[in-house]
Peer 1: 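One structure, as structure tokens, below. Some questions next.
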Amino acid sequence: MQIPSDENVIVGIEGFEDAGVYRISDTVAIVQTIDFFTPIVNDPYCFGQIAAANALSDIYAMGAVPKTALNMVCFSPKKFDLSILKDIIRGGIDKIREAGVSLLGGHSVDDEEIKYGLAITGIVHPDKVIRNEGARPDDILILTKPLGTGILNTGIKGNMLSNDSIQKLIDVMATLNKKASDVMLSVKTHAATDVTGFGLAGHLKEMIKENIGVQLFAGKLPYFSEATELAKSGFVPGGLYRNRDFYQEHVSAHDQGFSYDIIFDPQTSGGLLMAVDPADLPAFEKKAADVKLEYWIIGKFIDEPKGKIILG
Ligand code: CO
Ligand code: CO
């Protein structure tokens, strides 16, 4: 491990953490992250909501409280009607308001391809940062959103989804990980991250590194019911294959059924993935019920084999 040149950098660019953390005082550190992407759904307002929920997610994954936001916009008023941009930004603003975050400004660039996202700053106690590593053997692995958004988003592009299915997908992607973070912080959580582009397997690998292993309960993985049929019909995002090529050497799977697809599916605005102390599971379940957080127990961390994801 390289010693940081600035001792106030608590989390820097190494280690694939969700956000950077910088100590301001003994009791306050700022947490910073930026995320933006091209539209994934046709409705501009919903796209804005999803982009904001996704950008905020890295702050929640670190156990921090988001405070301020800056808009990042690529848009060509010559190519698209300005009302589209207004709707995107309105979606983003509504979401950050829901999060209790203030918009301080932003920047836009004339670009033929629409892109939108936000830079978010949050705060956390320097000693209370939740990193992606630190899980211990017997920790319970909990996920707070269903998998399959990559496959369903591919289905949208192929006009394969009903309006009901699209709405359900949008609702999940636009859901803030705020409640999940609140529940996570109410118990002993040793590590956490959010599931995004590298899929469940990729983000799990960042959690275990070569320090520890994890057993995934294949039958307990939550996913959108539409995902199986879509995958069978070939609506599979390229990112799923790239993730599989990259991470499959760390995965040992008993059978190569649908669970072996879904763990590699790249997620947009996915749920939190946490390593919870087993003694605190009852407290987690009670708190989750109190705030009506959906969650799934999808596995547990194991001492051996280190660096491996066992799917079975
Ligand atoms: Co993240
Ligand atoms: Co991110």
Peer 1: Please determine whether the number of non-hydrogen atoms from other residues, nucleotides or ligands lying under 6.0 Å from atom CD of Gln215 exceeds 12.
Peer 2: yes
Peer 1: Out of Asn153, Asn159, Thr154, which residue meets the side chain to side chain contact (heavy atoms under 4.5 Å, CB included) rule with Ile156?
Peer 2: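 Result for side chain to side chain contact (heavy atoms under 4.5 Å, CB included) with Ile156: Asn153.
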Peer 1: May I ask whether Val31 and Val9 are part of the same hydrophobic cluster, defined by side-chain heavy atoms of I, L, V, M, F, W, Y residues being less than 4.5 angstrom apart, directly or through others?
Peer 2: no
Peer 1: Working to the nearest 0.5 angstrom, can you tell me the gap between Asp139 CG and Ile212 CD1?
Peer 2: 6.5 Å
Peer 1: Answer yes when Asp164 and Lys168 have at least one side-chain N-carboxylate O distance shorter than 4.0 Å, and no when they do not.
Peer 2: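 Salt bridge between Asp164 and Lys168, a charged N being under 4.0 Å from a carboxylate O: no.
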Peer 1: Counting distance only, does the side-chain N/O of Ser76 pair as donor-acceptor with the main-chain N or O of Glu112 below 3.5 Å?
Peer 2: no
Peer 1: Where the side chain of Glu113 meets the backbone of Asp111, is there a donor-acceptor pair that is under 3.5 Å apart?
Peer 2: no
Peer 1: Using a cut-off of 6.0 Å, state whether more than 12 heavy atoms not belonging to Phe198 lie near its atom CZ.
Peer 2: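 No.
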Peer 1: Would you say Met274 and Thr144 make side-chain contact, with heavy atoms under 4.5 Å?
Peer 2: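 SC-SC contact between Met274 and Thr144 confirmed.
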Peer 1: Is there a path of hydrophobic side-chain contacts, each under 4.5 Å between heavy atoms of I, L, V, M, F, W or Y residues, that connects Val195 with Ile208?
Peer 2: yes
Peer 1: Flag the pair Ile130 / Leu185 as yes when at least one side-chain heavy-atom distance between them is below 4.5 Å, and no otherwise.
Peer 2: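 Touching, per the 4.5 Å side-chain cut-off.
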Peer 1: Determine whether Leu200 and Leu216 satisfy the following criterion, side chain to side chain contact (heavy atoms under 4.5 Å, CB included), listing intermediate values before the conclusion.
Peer 2: CA-CA 10 Å; Leu200 176 64; Leu216 271 183; 4.0 Å; yes
Peer 1: Using every non-hydrogen atom in the two residues, find where Thr33 and Ala19 come nearest and quote the distance to one decimal.
Peer 2: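 Looking at all heavy atoms of both residues, the closest pair is CB-CB, 3.9 Å.
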Peer 1: Classify the angle between the aromatic ring planes of Phe75 and Phe80 as parallel (below 30°), tilted (30 to 60°) or perpendicular (above 60°).
Peer 2: tilted
Peer 1: Taking only residues two or more places apart in sequence, or in another chain, which ones meet Lys292 in a side-chain hydrogen bond (donor to acceptor under 3.5 Å, both in side chains)?
Peer 2: none
Peer 1: Any heavy-atom pair between the side chains of Pro278 and Leu281 that's under 4.5 Å?
Peer 2: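 A side-chain contact under 4.5 Å is absent here.
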Peer 1: Please give me the minimum heavy-atom distance between Ala69 and Leu118, naming the atom from each residue.
Peer 2: CB-CD2, 3.9 Å
Peer 1: Could you tell me whether Arg97 and Asp94 have a side-chain N and a carboxylate O separated by less than 4.0 Å?
Peer 2: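 Looking at Arg97 and Asp94, the cut-off is met.
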Peer 1: Using a side-chain heavy atom cutoff under 4.5 Å and only I, L, V, M, F, W and Y, what cluster partners does Leu104 have?
Peer 2: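 Leu70, listed by chain and number.
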Peer 1: Salt bridge between Glu285 and Lys287, side-chain N to carboxylate O under 4.0 Å?
Peer 2: no
Peer 1: Give a yes or no answer on whether the side chain of Ser186 reaches the backbone of Val183 with a donor-acceptor pair at less than 3.5 Å.
Peer 2: yes
Peer 1: Answer with yes or no whether the hydrophobic clustering places Tyr295 together with Phe224; edges join I, L, V, M, F, W, Y residues whose side-chain heavy atoms lie under 4.5 Å apart.
Peer 2: no
Peer 1: Working to the nearest 0.5 Å, report the span between CE of Met207 and CD of Glu133.
Peer 2: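 Rounded to the nearest 0.5 Å, the CE-CD separation comes to 10.0 Å.
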Peer 1: Does the pair Thr196 and His203 meet the rule for a side chain to side chain contact (heavy atoms under 4.5 Å, CB included), with working shown?
Peer 2: CA-CA 8 Å; Thr196 51; His203 292 281; 3.3 Å; yes
Peer 1: If I compare all heavy atoms of Pro39 with all of Ile114, which pair ends up nearest, and what's the gap?
Peer 2: CD-O, 3.2 Å
Peer 1: Quick one: does Ser233's side chain have a donor or acceptor within less than 3.5 Å of a partner on Glu229's backbone?
Peer 2: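 The answer is yes, because a donor-acceptor pair under 3.5 Å joins these two groups.
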Peer 1: Does Lys209 reach the side chain of Asn132, with side-chain heavy atoms less than 4.5 Å apart?
Peer 2: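 Touching, per the 4.5 Å side-chain cut-off.
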Peer 1: Against Tyr223, only a single residue in Ile263, Thr228, Asp265 fulfils side chain to side chain contact (heavy atoms under 4.5 Å, CB included); can you say which?
Peer 2: Thr228
Peer 1: Can you give me the closest heavy-atom contact between Phe301 and Ala275, atom names plus distance?
Peer 2: CE1-CB, 3.4 Å
Peer 1: Are any of the side-chain heavy atoms of Pro66 and Lys178 separated by less than 4.5 Å?
Peer 2: no
Peer 1: Within the side chain of Lys205, is there an N or O that forms a donor-acceptor pair under 3.5 Å with the backbone of Gly307?
Peer 2: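 Indeed, once roles are kept as given, a pair shorter than 3.5 Å links the two residues.
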Peer 1: Tell me whether Phe16 shares a hydrophobic cluster with Leu141, the cluster being built from Ile, Leu, Val, Met, Phe, Trp, Tyr side chains joined at under 4.5 Å.
Peer 2: no
Peer 1: Can you label the angle between the Phe264 ring and the Tyr260 ring as parallel, tilted or perpendicular, going by 30° and 60°?
Peer 2: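 If you compare the ring of Phe264 with that of Tyr260, the planes turn out perpendicular.
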Peer 1: Could you check whether Asp18 and Tyr60, counting side-chain N and O atoms only, form a donor-acceptor pair closer than 3.5 Å?
Peer 2: no
Peer 1: Got more than 12 heavy atoms from elsewhere within 6.0 Å of CG, Asp26?
Peer 2: no
Peer 1: Are side-chain heavy atoms of His254 and Leu311 found at a separation under 4.5 Å?
Peer 2: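 Sidechains of Leu311 and His254: no contact.
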Peer 1: Between Asp87 and Arg90, does the salt bridge (charged side-chain N to carboxylate O under 4.0 Å, His left out) criterion hold? Intermediate values first, please.
Peer 2: CA-CA 5 Å; Asp87 285 343; Arg90 192 166 53 85; 3.2 Å; yes
Peer 1: Side-chain heavy atoms under 4.5 Å apart, restricted to Ile/Leu/Val/Met/Phe/Trp/Tyr: what other residues fall into the cluster of Ile310, or is it alone?
Peer 2: Ile302
Peer 1: Is there a path of hydrophobic side-chain contacts, each under 4.5 Å between heavy atoms of I, L, V, M, F, W or Y residues, that connects Leu221 with Leu293?
Peer 2: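 No, separate clusters.
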Peer 1: Using a 6.0 Å cut-off, check whether atom CG of Asn163 has over 12 heavy atoms from anything other than its own residue.
Peer 2: no
Peer 1: Any idea which heavy atoms bring Ile298 and Pro222 closest together, and the distance?
Peer 2: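 Minimum heavy-atom contact is CG2-CD, 3.7 Å.
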Peer 1: Quick check: does any side chain N or O of Ser57 sit under 3.5 Å from a backbone N or O of Asn177, one acting as donor and the other as acceptor?
Peer 2: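 Absent.
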Peer 1: Does either side chain, that of Asp171 or that of Gln167, offer a donor lying less than 3.5 Å from an acceptor on the other one?
Peer 2: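 A pair is found: one side chain offers a donor N or O, the other an acceptor, under 3.5 Å apart.
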Peer 1: Which value, rounded to the nearest 0.5 Å, describes the distance between Thr193 atom OG1 and Met62 atom CE?
Peer 2: 8.5 Å
Peer 1: How long is the span from the CD1 atom in Ile151 to the CG atom in Leu169, to the nearest 0.5 Å?
Peer 2: 11.5 Å
Peer 1: How about CZ on Phe36, more than 12 heavy atoms from neighbouring residues, nucleotides or ligands closer than 6.0 Å, or not?
Peer 2: no
Peer 1: Donor-acceptor pair, Lys95 side chain versus Leu56 backbone, under 3.5 Å?
Peer 2: no
Peer 1: For atom CD1 of Ile13, is the number of surrounding heavy atoms from other residues, nucleotides or ligands below 6.0 Å larger than 12?
Peer 2: no
Peer 1: With a 4.5 Å limit on heavy-atom distance, are the side chains of Phe284 and Asp277 in contact?
Peer 2: no
Peer 1: Can you tell me how far the CG atom of Asn54 sits from the CZ atom of Phe47, to the nearest 0.5 Å?
Peer 2: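 Atom-to-atom, Asn54:CG and Phe47:CZ are 9.5 Å apart.
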Peer 1: Checking side-chain polar atoms at under 3.5 Å, does Asp81 have a donor or acceptor matched by the opposite partner on Ser83?
Peer 2: yes
Peer 1: Just verifying a value: how many Å separate Lys128 NZ and Ile123 CD1, rounded to the nearest 0.5 Å?
Peer 2: 12.5 Å
Peer 1: Test Asp261 against every option in Lys232, Gln256, Arg244 by the side-chain hydrogen bond (donor to acceptor under 3.5 Å, both in side chains) rule and name the one that passes.
Peer 2: Arg244
Peer 1: Between Lys308 and Glu249, is there a side-chain N and carboxylate O pair less than 4.0 Å apart?
Peer 2: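 Salt bridge: no.
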Peer 1: Strictly distance-based, threshold 3.5 Å: is any side-chain N or O of Gln32 a donor or acceptor partner for the main-chain N or O of Gly122?
Peer 2: no
Peer 1: On a heavy-atom basis, which atom in Ala201 and which in Ile309 lie closest, and how many Å separate them?
Peer 2: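 The pair with the smallest heavy-atom distance is O-CD1, 3.4 Å.
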Peer 1: Does any part of the side chain of Ile84, heavy atoms only, come nearer than 4.5 Å to the side chain of Ile88, both counted from C-beta?
Peer 2: yes
